[in-house]
Amino acid sequence: MGHSLGKISAIHRYPVKSFRGESLQEAAVSRFGLYGDRSRAFLDEKSPVRHLTAKHVPKLLEYQAACVSEGDETSFPDVRITTPDGRVVPWTDEELHKEIEQLSGRPLVPVTFTPQDELMGVDQAQLLIVTDASVRALEQMWGKPVDPLRFRPNIVLEQADGVPFAEEDWIGLFIAY
């Protein structure tokens, strides 16, 4: 029997890179992370970074993305976007694409990845886990409340041993189930 790191207190999926995501009760995890996570992105083909991010355009975080179908092994679920002004449109909406391009001030290409693609819209890793112990330690350092969603985690873990920043030692490890 394996060692328990704790229990999952929250699961989040971000179907569009740098948009707000959705809270889930359960999620399928595969080689590329949570199924449907960051399966869409805007690409700036002239930028070395390539993916448009909220670091460049903070207003992207005011758009919310949610998966609205099941998907399968060849294509991810369809995605619905809720805009800051309350419009609800599909990811494929051309007006949405023009709006994001205008916000960014640069030409963009909307991209929909497939389960066969490698990293899709993630920067470095397929699954981001933060722990409650690390968030509490950051709050103590900063002297203010810290929202774990600020880190855009896929999983928030209530740690069994309560050791802050233990997740730094987990990089490159595998989760067995």
Side-chain angles (χ1 to χ4, degrees), residues 8-104 106-130 148-157 170-177:
I8 294 173
S9 63
I11 303 171
H12 301 279
R13 175 171 55 195
Y14 308 92
V16 177
K17 182 169 184 65
S18 287
F19 282 20
R20 273 189 298 142
E22 57 188 338
S23 293
L24 304 172
Q25 293 300 308
E26 60 183 31
V29 179
S30 66
R31 69 173 178 79
F32 47 75
L34 290 190
Y35 184 78
D37 188 54
R38 294 168 178 94
S39 59
R40 275 73 172 177
F42 286 96
L43 295 184
D44 177 352
E45 294 182 332
K46 294 182 180 175
S47 168
V49 177
R50 297 209 16 105
H51 294 116
L52 180 68
T53 70
K55 292 173 195 163
H56 304 107
V57 183
K59 192 163 178 73
L60 294 177
L61 293 170
E62 296 179 23
Y63 292 79
Q64 181 156 16
C67 292
V68 293
S69 66
E70 290 298 316
D72 56 34
E73 65 276 349
T74 62
S75 63
F76 288 116
D78 293 331
V79 172
R80 175 191 68 225
I81 309 299
T82 303
T83 66
D85 62 5
R87 289 176 296 126
V88 177
V89 298
W91 163 251
T92 55
D93 185 76
E94 297 227 1
E95 291 302 313
L96 171 71
H97 298 166
K98 288 177 189 171
E99 186 176 322
I100 300 300
E101 193 170 66
Q102 189 173 23
L103 274 175
S104 74
R106 57 188 103 173
L108 300 172
V109 177
V111 175
T112 299
F113 297 100
T114 70
Q116 290 75 40
D117 292 318
E118 285 302 313
L119 279 179
M120 301 176 304
V122 301
D123 293 325
Q124 296 178 4
Q126 294 90 345
L127 194 62
L128 177 58
I129 301 171
V130 298
L149 292 183
R150 185 260 176 263
F151 304 104
R152 301 181 59 73
N154 296 118
I155 295 173
V156 179
L157 188 70
W170 304 341
I171 295 170
L173 298 179
F174 295 89
I175 297 173
Y177 60 97

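Residues: numbered from 1 along the sequence shown. Side chains are part of it too, since the values below use all heavy atoms of this structure and drop only hydrogens, waters and symmetry mates.
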A side-chain contact here means heavy atoms from C-beta on lying under 4.5 Å apart; do [X] and [Y] qualify?
X: Thr114; Y: Thr74; answer: no
X: Ile100; Y: Phe19; answer: yes
X: Glu70; Y: Asp72; answer: no
X: Ile81; Y: Asp93; answer: no
X: Val89; Y: Glu95; answer: no
X: Asn154; Y: Arg38; answer: yes
X: Arg106; Y: His56; answer: yes
X: Leu61; Y: Arg152; answer: yes

Would you confirm whether [X], through its side chain, and [Y], through its main-chain N or O, come within 3.5 Å as a donor-acceptor pair?
X: Asp37; Y: Tyr14; answer: yes
X: Arg40; Y: Pro110; answer: no
X: Asp44; Y: Leu108; answer: no
X: Ser9; Y: Val156; answer: yes

[X] versus [Y], closest heavy-atom pair with distance:
X: Val111; Y: Leu43; answer: CG2-CD1, 3.3 Å
X: Tyr35; Y: Gly71; answer: OH-C, 3.2 Å
X: Pro115; Y: Phe76; answer: N-CE1, 3.4 Å
X: Arg13; Y: Gly36; answer: CD-C, 3.7 Å
X: Val130; Y: Pro148; answer: CG2-CB, 4.3 Å

Would you give the length of the straight line joining atom [atom1] of [X] to atom [atom2] of [Y], rounded to the nearest 0.5 angstrom?
X: Lys59; Y: Leu103; atom1: NZ; atom2: CG; value: 6.5 Å
X: Ser39; Y: Lys17; atom1: OG; atom2: NZ; value: 12.0 Å
X: Gln64; Y: Thr83; atom1: CD; atom2: OG1; value: 11.0 Å
X: His12; Y: Ile155; atom1: NE2; atom2: CD1; value: 10.0 Å
X: Leu34; Y: Cys67; atom1: CG; atom2: SG; value: 10.0 Å

- side chain to side chain contact (heavy atoms under 4.5 Å, CB included) between Val16 and Trp91, intermediate numbers included: CA-CA 9 Å; Val16 177; Trp91 163 251; 3.7 Å; yes

- Item | All salt bridge (Lys or Arg N to Asp or Glu O under 4.0 Å) counterparts of Glu101, not counting sequence neighbours |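 Glu101: no salt bridge (Lys or Arg N to Asp or Glu O under 4.0 Å) contacts found.
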
- Item | Glu99: side chain to side chain donor-acceptor pair (under 3.5 Å) partners, not counting sequence neighbours |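 Per chain and number, Glu99 pairs via side chain to side chain donor-acceptor pair (under 3.5 Å) with Tyr63, Arg87.
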
